[in-house]
Amino acid sequence: MSIYDFSVKARDGSDVSLKKYEGKVLLVVNTATGCGFTPQYKGLQEIYDKYKEKGFEILDFPCNQFANQAPGNDEEIHTFCTGRFGITFPQFAKIDVNGKNEDPLYTYLKSEKKGFCTSKIKWNFTKFLIAKDGTVLKRFAPTDTPEKIDAYIAKAL
């Protein structure tokens with residue numbers, strides 16, 4: 001099993017097969033617009049710009065499970081992110097990353113790379129680095145900035 005076996009929801013509600021990203025290095029991130037880590041969007045866009053031509057994609061999954069920090073609908077969130085941070089990487093529909101309604105993609109990611117003492121996602125901006133073959137290489141904490149994980153991305157490419 002790999003990440004390419006999953007489908008996710010686009011902002012418009014349509015299904016998107018992650019097979020479309022096969023052969024690329026991916027960074028999967030659960031995000032929020034009202035979080036102390038929200039400024040990481042700037043760094044995420046910078047590494048996206050740096051590596052997108054080399055086969056790198058960031059997959060952004062807004063999540064409102066942590067202190068209600070991603071209010072609004074999918075389009076409001078997208079408008080905020082593009083307007084304030086100029087993001088151009090794919091942003092999907094809002095999801096749950098923990099609990100009974102968690103997205104199957106996150107069930108898989110968490111089973112592949114557990115966090116410190118737990119498999120649960122602790123907070124917004126937890127990141128998973130995915131190899132070109134779809135395997136999960138590494139899990140990064142919310143405090144791991146995009147600049148800090150740049151070298152891991154470069155190595156995976």
Side-chain angles (χ1 to χ4, degrees), residues 1-11 13 15-21 24-48 51 56-78 80-81 84-85 87 89-153 155-156:
M1 179 168 254
S2 81
I3 194 170
Y4 305 129
D5 296 318
F6 294 89
S7 289
V8 294
K9 293 286 183 194
R11 286 189 330 272
D15 289 327
V16 177
S17 170
L18 293 183
K19 197 159 189 65
K20 118 181 218 181
Y21 298 103
K24 295 185 179 229
V25 171
L26 305 175
L27 189 67
V28 179
V29 188
N30 65 296
T31 60
T33 54
C35 176
F37 296 119
T38 300
Q40 285 189 24
Y41 269 120
K42 181 179 184 291
L44 289 171
Q45 184 60 46
E46 288 170 357
I47 62 171
Y48 183 63
Y51 295 120
F56 174 66
E57 289 287 344
I58 295 174
L59 307 183
D60 177 1
F61 293 92
C63 177
N64 198 36
Q65 284 190 289
F66 305 101
N68 204 29
Q69 293 182 339
N73 65 37
D74 294 330
E75 282 309 311
E76 290 168 337
I77 291 169
H78 184 67
F80 171 85
C81 293
R84 180 138 184 219
F85 297 102
I87 69 157
F89 46 82
Q91 190 172 51
F92 297 90
K94 195 187 309 186
I95 64 168
D96 283 355
V97 297
N98 290 323
K100 65 179 180 155
N101 295 320
E102 77 183 28
D103 190 279
L105 171 62
Y106 269 81
T107 304
Y108 170 74
L109 291 172
K110 293 185 306 183
S111 74
E112 292 295 298
K113 294 291 178 197
K114 293 190 180 346
F116 183 70
C117 297
T118 182
S119 65
K120 284 189 151 197
I121 301 295
K122 285 180 146 182
W123 205 255
N124 305 308
F125 289 88
T126 298
K127 303 158 199 75
F128 291 89
L129 184 63
I130 314 299
K132 291 178 184 181
D133 68 359
T135 58
V136 182
L137 292 173
K138 191 155 177 60
R139 177 176 174 161
F140 298 95
T143 54
D144 292 326
T145 64
E147 297 78 14
K148 185 175 177 181
I149 63 177
D150 185 304
Y152 294 95
I153 295 165
K155 184 177 179 184

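Just so we're clear, the structure is a prediction, and the values are computed from it rather than from any experiment.
With contacts defined as side-chain heavy-atom distances shorter than 4.5 Å, the pair Leu27/Ile149 qualifies. When side chains are defined from C-beta on, Val97 does not count as touching Phe61, because their heavy atoms never get closer than 4.5 Å. Tyr106 is listed as a side-chain neighbour of Val28, based on a closest heavy-atom distance under 4.5 Å. Within the 4.5 Å cutoff, no side-chain heavy atoms of Leu137 are placed close to those of Tyr152. Counting heavy atoms from C-beta outward, Val136 and Ile3 have side chains that stay 4.5 Å or more apart. You'll find the side chain of Phe89 reaches within 4.5 Å of the side chain of Gln45, heavy atoms only. For the pair Lys9 and Val16, the minimum side-chain heavy-atom distance is 4.5 Å or more.
The nearest pair of heavy atoms linking Cys81 to Gln91 is SG-NE2, 3.4 Å. In terms of heavy atoms, Ala70 sits closest to Asn64 at N-OD1, 2.8 Å. Of all the heavy atoms in Phe66 and Asn124, the pair that sits closest is CD1-OD1, 3.2 Å. Annotation for Val25 and Lys132: closest pair CG2-CG, 3.7 Å, computed over non-hydrogen atoms. Here the shortest heavy-atom pairing between Cys35 and Gln69 reads CB-OE1, 3.2 Å. In terms of heavy-atom proximity, Asp144 sits nearest to Lys127 at O-NZ, 2.8 Å.
Within 6.0 Å of atom OH in Tyr4, more than 12 heavy atoms from other residues, nucleotides or ligands are found, so the atom counts as buried in its surroundings.
Of the possible donor and acceptor atoms, none in the side chain of Glu57 sits under 3.5 Å from a partner among the backbone N and O of Pro90. Between the side chain of Lys24 and the backbone N or O of Ile130 there is no donor-acceptor pair closer than 3.5 Å. For Asp74 (side chain) and Ala93 (main-chain N/O), no donor-acceptor pair under 3.5 Å exists by modelled atom type. Remark: side-chain polar atoms of Thr145 are not paired, donor with acceptor, to backbone N or O of Gln40 under 3.5 angstrom. The main-chain N or O of Asp5 is never found under 3.5 Å from a side-chain atom of Tyr108 such that the two would form a donor-acceptor pair. The backbone N or O of Leu109 lies less than 3.5 Å from no partner atom in the side chain of Glu112, so there is not a single donor-acceptor pair.
Taking OG1 of Thr31 as the reference point, atom CG of Asp60 lies at 3.5 Å (rounded to 0.5 Å). For the atom pair CG (Leu105) and NZ (Lys110), the distance works out to 10.5 Å, reported to the nearest 0.5 Å. Rounding to the nearest 0.5 angstrom, the gap separating the CZ atom in Arg11 from the CD1 atom in Ile77 is 10.5 Å. Within the model, atoms CG of Leu44 and CD of Glu147 stand 8.5 Å from one another, a figure rounded to the nearest 0.5 Å. The distance from atom CD1 of Ile121 to atom CZ of Phe128, rounded to the nearest 0.5 Å, is 4.0 Å. How far CD1 of Ile87 is from CZ of Phe80: 10.0 Å, rounded to the nearest 0.5 Å.
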For this session: Starting from the C-alpha separation in whole Å, work towards a yes-or-no answer on side chain to side chain contact (heavy atoms under 4.5 Å, CB included) for Leu18 and Leu26.
Result: CA-CA 10 Å; Leu18 293 183; Leu26 305 175; 5.9 Å; no
For this session: I would like to know whether Trp123 and Asn30 meet side chain to side chain contact (heavy atoms under 4.5 Å, CB included); could you show each step before the answer?
Result: CA-CA 8 Å; Trp123 205 255; Asn30 65 296; over 6 Å; no
Exercise. Between Tyr41 and Phe125, does a ring-ring contact (aromatic ring centres under 6.0 Å, His included) hold up when you go through it step by step?
Worked result: CA-CA 9 Å; Tyr41 269 120; Phe125 289 88; 5.5 Å; yes
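Cation-pi contact between Lys148 and Phe140: absent, since separation from the ring centre below 6.0 Å together with deviation from the ring axis within 45° is not met.
Ring centroid separation for the pair Tyr21 and Phe6 does not come in under the 6.0 Å cut-off.
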